[in-house]
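First listed ligand is number 1; within each ligand, the first listed atom is number 1.
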Amino acid sequence: MHLTLEEHIDLQPHNTFHLPCTARYFLRIHHITQLPPLIHSPLFQSHPHLILGSGSNILFATPEYDSIVLKNEIPGIEPISSTTPAHTTLKVSSGVLWTSLVDYCLTHQLGGIENLALIPGTVGAAPVQNVGAYGVEIASVVDSVEVVDLRTGETRVVSNQECEFGYRDSIFKRGGRGGEWFITAVRITLTNAGHGYVPNTMYGSVRETLEQDMGIDIDRVSIQDVAKAVCRLRRRKLPDPQVLGNAGSFFVNPLLQGQMSEESFVQRHPGVLVFRRGDGRMVVPAGELIEACGWKGWRASCTGVYEAHALILVNYGGAKGKEVLELAGRISDSVWDWFGIRLRTEITIILGQ
Ligand code: NAP
């Protein structure tokens, strides 16, 4: 197969922060068969690479990126079986937009990922950080993940257990930048509406939106209702990247375990909101910590902290990646100084080669 790589490609349209960066090589991946010849090419062997989805979770902190950027555009959603009348299993190719998958599930009355409505990015990126929102994580619906090993070209199926999912974490993330595995498809199992579907309304904000804003009886909530409520919540809080450059939450909400004992944190900072997660661990909203340090709405020329949500750093236009990174460092340092908690970045930072 002949592969034509584009050269010196501007990545500004390919990242939702709208940061300037030029990729030395750029290749759109539409089909898994493109991967083996690419992997065995001398160019691939001699250059670093980056797998790029929709660029919604990445910060290019360098103006020149001397690498091969593989833009994942592998399409397709395919029902593979209905293991029981209650469940449908889908094989979803990794270049599909997550929002398209949620739309597909809503159209086909499949429950399980409606709490993850409106999350940006591709399906292939979702297992990497075990995306989760409003009480649901992708780990709860993943059967397995199909990958191509970028060292050998071999395909492999990684089971849910082998994915080692954790809070915004998985084996793919720990490999660094998506690791040496190119995720080609994700198999997920969903619940057919009317066959034991139980909506997840454990988050107070979801319940309030359903009951108070939408006037829905909490005992008669449909898959579509949950998705609508989540979309309302997200639209209220999050800036549209088409209008204001951003990559969503910049930092991961810290789990108290491992950093500081729950008791000592609550005693020292009684005013800070903490939540007990379903797995029993305590999480502190990183946005609250950043806001308490006075950063919410802060702005210096092109960069700043979003006025409605302190977890989101924004590019007001013309910012460079380095400036956003410097701001993130200052925020992280002040949270450390004030709370003794070291924030972990959620987004992938590209420093260049
Ligand atoms: P939020 O709803 O203000 O929540 C902030 C933090 O508080 C999160 O850590 C959340 O835990 C926790 N929390 C809130 N209500 C809770 C409850 N009733 N029970 C247990 N924990 C609770 O956060 P946000 O920034 O506006 O984001 C909304 C949702 O989208 C959150 O669930 C957030 O985690 C999720 N999100 C996910 C990603 C991602 O997957 N990459 C990126 C951005 C936002 P959880 O994190 O466990 O939900």
Undergrad: Nearest protein heavy-atom contact for atom 33 (C) of ligand 1: which residue, which atom, what distance?
TA: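 For this ligand atom, the closest protein heavy atom is Arg168 NH2, 3.9 Å.
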Undergrad: Report whether Phe182 and Leu97 are members of the same hydrophobic cluster (ILVMFWY, side-chain heavy atoms less than 4.5 Å apart, transitive linking).
TA: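 Each belongs to a different hydrophobic cluster.
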Undergrad: Tell me which part of Val131 gets within contact of ligand 1: side chain, backbone, both or neither, using heavy atoms under 4.0 Å.
TA: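 Looking at Val131 and ligand 1, atoms from backbone and side chain both fall under 4.0 Å.
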Undergrad: Looking at atom 4 (O) of ligand 1, would you say a protein heavy atom lies below 4.0 Å from it?
TA: no
Undergrad: In terms of side-chain heavy atoms, does Asn72 have a donor or acceptor partner in Thr122 at a distance below 3.5 Å?
TA: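 No, no side-chain donor-acceptor pair sits under 3.5 Å.
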Undergrad: Is Arg156 salt-bridged to Glu162, cutoff N-O under 4.0 Å?
TA: yes
Undergrad: Can Arg236 and Asp213 be counted as an ion pair, charged N to O under 4.0 angstrom?
TA: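 Between Asp213 and Arg236 there is a salt bridge, with a charged N closer than 4.0 Å to a carboxylate O.
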Undergrad: What protein heavy atom sits nearest atom 8 (C) of ligand 1, and how far away is it?
TA: Asn253 ND2, 3.2 Å
Undergrad: Strictly by modelled atom types, are Thr89 and Thr189 linked by a side-chain donor-acceptor pair under 3.5 Å?
TA: yes
Undergrad: So between Glu346, Met282, Arg281, Lys237, whose heavy atom ends up nearest atom 1 (P) of ligand 1?
TA: Lys237
Undergrad: Does this structure show an ion pair linking Glu146 with Arg187, if we count only N-O contacts that are shorter than 4.0 Å?
TA: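 Between Arg187 and Glu146 there is a salt bridge, with a charged N closer than 4.0 Å to a carboxylate O.
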Undergrad: Near Arg276, which atoms of ligand 1 are under 4.0 Å from a heavy atom of that residue?
TA: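 Under 4.0 Å from Arg276, ligand 1 has these atoms: 20 (C).
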Undergrad: Backbone or side chain, does any N or O of Ser249 fall under 3.5 Å from an N or O of ligand 1?
TA: no
Undergrad: What residue and heavy atom of the protein are closest to atom 32 (O) of ligand 1, and at what distance?
TA: Tyr134 N, 3.0 Å
Undergrad: Give the ring-plane orientation class for Trp298 versus Trp295, where under 30° counts as parallel, over 60° as perpendicular and anything between as tilted.
TA: perpendicular
Undergrad: Go through Asn192 and Thr88 one step at a time and tell me if the side chain to side chain donor-acceptor pair (under 3.5 Å) criterion holds.
TA: CA-CA 7 Å; Asn192 300 330; Thr88 296; 2.6 Å; yes
Undergrad: For atom 10 (C) of ligand 1, which protein heavy atom lies nearest, and how many Å away is it?
TA: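 Protein heavy atom at minimum distance: Tyr203 OH, 3.6 Å.
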Undergrad: For Glu288 and ligand 1, answer yes if some heavy atom of the residue is under 4.0 Å from a ligand atom, otherwise no.
TA: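 Glu288: no contact with ligand 1 (<4.0 Å).
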Undergrad: When you compare ligand 1 with Tyr167, is there at least one nitrogen or oxygen pair between them that comes in under 3.5 angstrom?
TA: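 Yes: some nitrogen or oxygen of Tyr167 is under 3.5 Å from one in ligand 1.
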Undergrad: Taking the non-hydrogen atoms of His309, is any one of them nearer than 4.0 angstrom to ligand 1?
TA: yes
Undergrad: Hey, quick one: are Tyr197 and Leu90 part of the same hydrophobic cluster, counting side-chain heavy atoms closer than 4.5 Å, chains of contacts allowed?
TA: yes
Undergrad: Would you mind listing which atoms of ligand 1 come within a distance below 4.0 Å of any non-hydrogen atom of Pro285?
TA: 5 (C), 6 (C), 7 (O)
Undergrad: Among all protein heavy atoms, pick out the one at the shortest distance from atom 7 (O) of ligand 1; state its residue, atom name and that distance to 0.1 Å.
TA: Phe275 CD1, 3.1 Å
Undergrad: What atoms of ligand 1 come within less than 4.0 Å of a heavy atom belonging to Val283?
TA: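 Heavy-atom distances to Val283 below 4.0 Å select 9 (O), 11 (O), 12 (C).
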Undergrad: List the closest protein heavy-atom neighbour of atom 47 (O) of ligand 1: residue, atom name, distance to the nearest 0.1 Å.
TA: Arg277 NH1, 3.1 Å
Undergrad: Could you check atom 30 (O) of ligand 1 against the protein and tell me its nearest heavy-atom contact, residue, atom and distance included?
TA: Ala133 CB, 3.3 Å
Undergrad: With a 4.0 Å cut-off on N to O distance, would you call Glu73 and Arg28 a salt bridge?
TA: yes
Undergrad: Gly132 to ligand 1: N or O pair under 3.5 Å?
TA: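 Yes; the residue has a nitrogen or oxygen that sits under 3.5 Å from a nitrogen or oxygen of the ligand.
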Undergrad: Under 6.0 Å from the six-membered ring centre of Tyr316 and within 45° of its axis: does the NZ or CZ of Arg299 meet both?
TA: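 Flagged: Arg299 positioned over aromatic ring of Tyr316.
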